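Hydrogens, waters and symmetry mates play no part in the numbers below; they use all other heavy atoms, side chains included. No experiment lies behind these values; they were computed from the predicted model shown.
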Amino acid sequence: MADTTGNTQDIGAMDGPGPQPRRSSWRYIGPGIVVAATGVGAGDLVATLIAGSNFGYTLLWAAVVGCLVKISLAEACGRWHLSTGRTLFDGWASLGPWTTWFFAVYAVIWGFVYGAAAMSSSALPLQALFPSVMDLEYWGIACGLVGLVFVWFNKYAVFEKVMTVLVGVMFVVTVYLAFRVTPNLGDAFAGLLPVLPDEEDSILNTLGLIGGVGGTITLAAYGYWVNAKGWTSSGWMKVMRLDNRVAYITTGIFVVAMLFVGAELLHSANIAISGGDQGLIQLGDILEDRYGKTTGVLFLVGFFAASFTSLIGVWHGVSLMFADFLARQRGERQARADELASGRRERSWTFRAYLLWLTFPPMILLFQDEPFRLIIIYGVLGAAFMPFLALTLLWLLNSSRTPREWRNGYLSNGMLTVAGLLFLVLAVKQIWDQPWSEFF
């Protein structure tokens with residue numbers, strides 16, 4: 001994304017701790033790949049697939065706008081970390097105790113429910129590939145334990161390399177499918193025009209597609225991965241911005257490819273699939289019937305890569321955030337960017353305690369119906385997080401907490417405001433749609 005601060009200084013020459021890059025370079029790319037892989041899970045892919053099956057190419061423009069919105073959010077997170085040497089939670093804590101309470105409740109409840117969802121999502125394609133090996137619940141437990149061991153014993157550098165390989169698998173599969181269904185390029189280009197479908201609730205459906213893909217707490221974790229990579233000062237700003245563009249260009253390719261599949265394979269044949277991860281299992285069966293077993297198997301491998309990258313990405317990124325949260329609560333005040341770059345956070349007991357919380361308690365939910373009230377609270381907290389992120393970034397990056405040259409410019413303020421309003425509307429709708437009458 002363009003420089004949204006209005007700063008034109010050659011940041012590659014600025015002073016800062018550690019070696020500084022002379023210019024942005026592809027060889028530095030890393031955290032962007034991680035955030036793209038983590039943010040685009042199976043649920044995001046099936047939502048885009050259903051949008052394509054329902055509306056054809058009509059909402060292609062909305063998927064592109066969604067990627068642009070999230071470029072702005074991730075860039076703002078990275079800019080805060082690099083320009084201040086402080087973490088995002090440290091910034092949130094400076095806004096008042098309400099942010100601490102929100103994050104604490106969110107991290108505990110969201111982590112508990114998400115852990116079960118991530119394990120189940122990763123298990124589905126494995127059970128489809130190896131149906132006679134074991135039940136879905138045990139595949140889920142196996143995925144959770146592999147994710148735990150991998151993140152527990154590896155530093156960021158290894159984590160990033162593995163995520164890059166899995167993203168490569170996702171990329172090959174989704175692009176292959178997009179070419180396999182032979183998209184109508186004329187209709188696809190027409191879909192870049194901002195037109196709403198002529199159906200009930202078309203505005204809300206459009207906003208949901210804009211806000212849905214890759215829009216999770218992993219956007220906030222991006223700044224933590226930037227620091228874990230070793231980027232700790234504003235001298236890395238150009239590199240971070242290139243890295244961030246790569247993240248959401250990659251995300252955009254995944255989204256467009258799945259929308260092509262939905263538009264050509266499902267919409268043209270009037271085939272409906274269910275929501276949630278089960279929809280991708282149905283798609284695997286459809287692909288196998290239409291294009292043969294090899295294509296069906298390849299798709300399930302890509303499905304697993306999308307799900308498992310989200311699992312280990314959250315296991316790593318949100319655990320870093322939780323470790324930082326508890327460090328702040330214990331009164332630590334050292335420069336947290338350097339602390340993250342050193343790898344000490346990944347070896348801390350707080351990081352590993354949250355890893356255990358994401359892994360073992362959620363296994364209970366794999367064997368029983370998800371507790372109704374807990375799911376409603378989870379939905380409310382999840383809906384509230386993205387407006388919270390956009391609002392607090394606007395606050396932090398327009399205040400004296402940020403060095404003047406790295407504060408928001410008109411473009412960044414505009415994009416963050418649009419993001420905040422978008423996610424606020426989606427949050428209100430999601431909270432409104434909860435079955436509150438059955439809650440009490």
Side-chain angles (χ1 to χ4, degrees), residues 39 41-44 46-48 50-51 54 62 66 69-70 73 92 95-121 196-197 199-220 272-279 310 314 318 321-322 325 357-358 361-392 417-440:
D44 299 301
V46 79
T48 309
I50 290 174
N54 290 339
V69 167
K70 295 179 190 76
L73 285 165
W92 286 340
L95 301 178
W98 65 278
T99 59
T100 298
W101 283 106
F102 176 83
F103 183 80
V105 175
Y106 180 91
V108 172
I109 295 178
W110 181 89
F112 180 56
V113 180
Y114 180 83
M119 287 186 273
S120 178
S121 178
L196 293 175
E199 296 189 21
E200 186 179 355
D201 292 333
S202 62
I203 294 178
L204 289 175
N205 287 327
T206 302
L207 293 178
L209 181 60
I210 293 173
V213 180
T216 68
I217 193 173
T218 55
L219 284 170
I273 62 172
S274 61
D277 298 341
Q278 286 290 346
S310 292
V314 166
V318 184
M321 295 181 70
F322 188 78
F325 158 68
W357 174 253
L358 284 169
M363 289 179 182
I364 299 169
L365 300 183
L366 297 175
F367 292 93
Q368 62 183 32
D369 292 334
E370 296 173 338
F372 182 72
R373 289 182 176 84
L374 184 63
I375 296 304
I376 291 180
I377 297 171
Y378 167 80
V380 170
L381 287 170
F385 183 80
M386 293 302 286
F388 167 80
L389 177 62
L391 169 66
T392 53
T417 299
V418 168
L421 291 174
L422 164 68
F423 289 114
L424 183 60
V425 170
L426 293 175
V428 170
K429 181 182 183 298
Q430 186 168 339
I431 292 169
W432 180 267
D433 288 344
Q434 298 291 337
W436 292 106
S437 60
E438 302 174 33
F439 184 84
F440 300 101

Report task. Using atom types as modelled and distance alone, determine if a side-chain donor or acceptor of Thr392 lies under 3.5 Å from a backbone N or O of Leu389. Result -> yes
Report summary line: Minimal heavy-atom distance between Val108 and Trp357, with the atoms involved, is O-NE1, 3.0 Å
**Report entry** Leu381 CG to Ile376 CD1 distance, which is reported to the nearest 0.5 Å
**Finding:** 12.0 Å
**Report entry** Euclidean distance, Ile217 CD1 relative to Met321 CE, rounded to 0.5 Å
**Finding:** 4.5 Å
Requested in this report: Working to the nearest 0.5 Å, report the span between CE of Met119 and CG of Leu365.
Outcome: 8.0 Å
Query raised in the report: Can you name the nearest heavy-atom pair linking Ala419 to Val69, along with the distance?
Result: CB-CG1, 3.5 Å
For residues 95-107, dump all side-chain donor-acceptor pairs below 3.5 Å to protein atoms at least two apart in sequence or in another chain.
residue: Trp98; atom: NE1; partner: Leu95; partner atom: O; Å: 3.3
residue: Thr99; atom: OG1; partner: Trp92; partner atom: O; Å: 2.8
residue: Thr99; atom: OG1; partner: Gly96; partner atom: O; Å: 2.9
residue: Tyr106; atom: OH; partner: Trp110; partner atom: NE1; Å: 3.4

Requested in this report: Determine the minimum heavy-atom distance between Gly420 and Pro387, stating which atoms define it.
Outcome: O-CB, 4.5 Å
**Report entry** Set of residues satisfying side chain to side chain contact (heavy atoms under 4.5 Å, CB included) with respect to Ala62, sequence neighbours excluded
**Finding:** Leu59, Thr206, Leu209, Ile210
Query - Closest non-hydrogen atom pair between Pro362 and Gly111, with its separation - result: CG-O, 4.2 Å
Query raised in the report: Are any non-hydrogen side-chain atoms of Leu73 and Phe423 less than 4.5 angstrom apart?
Result: yes
Query raised in the report: How close do Lys70 and Leu219 get, heavy atom to heavy atom, and via which atoms?
Result: O-CD2, 3.9 Å
Query raised in the report: Of the non-hydrogen atoms in Ala383 and Ala427, which two are nearest, and what is the gap between them?
Result: O-CB, 3.2 Å
Report summary line: salt bridge (Lys or Arg N to Asp or Glu O under 4.0 Å) pairs touching residues 419-430, sequence neighbours excluded, are Lys429-Asp433
Query raised in the report: What's the spacing between Ser310 OG and Tyr114 OH if we round to 0.5 Å?
Result: 4.5 Å
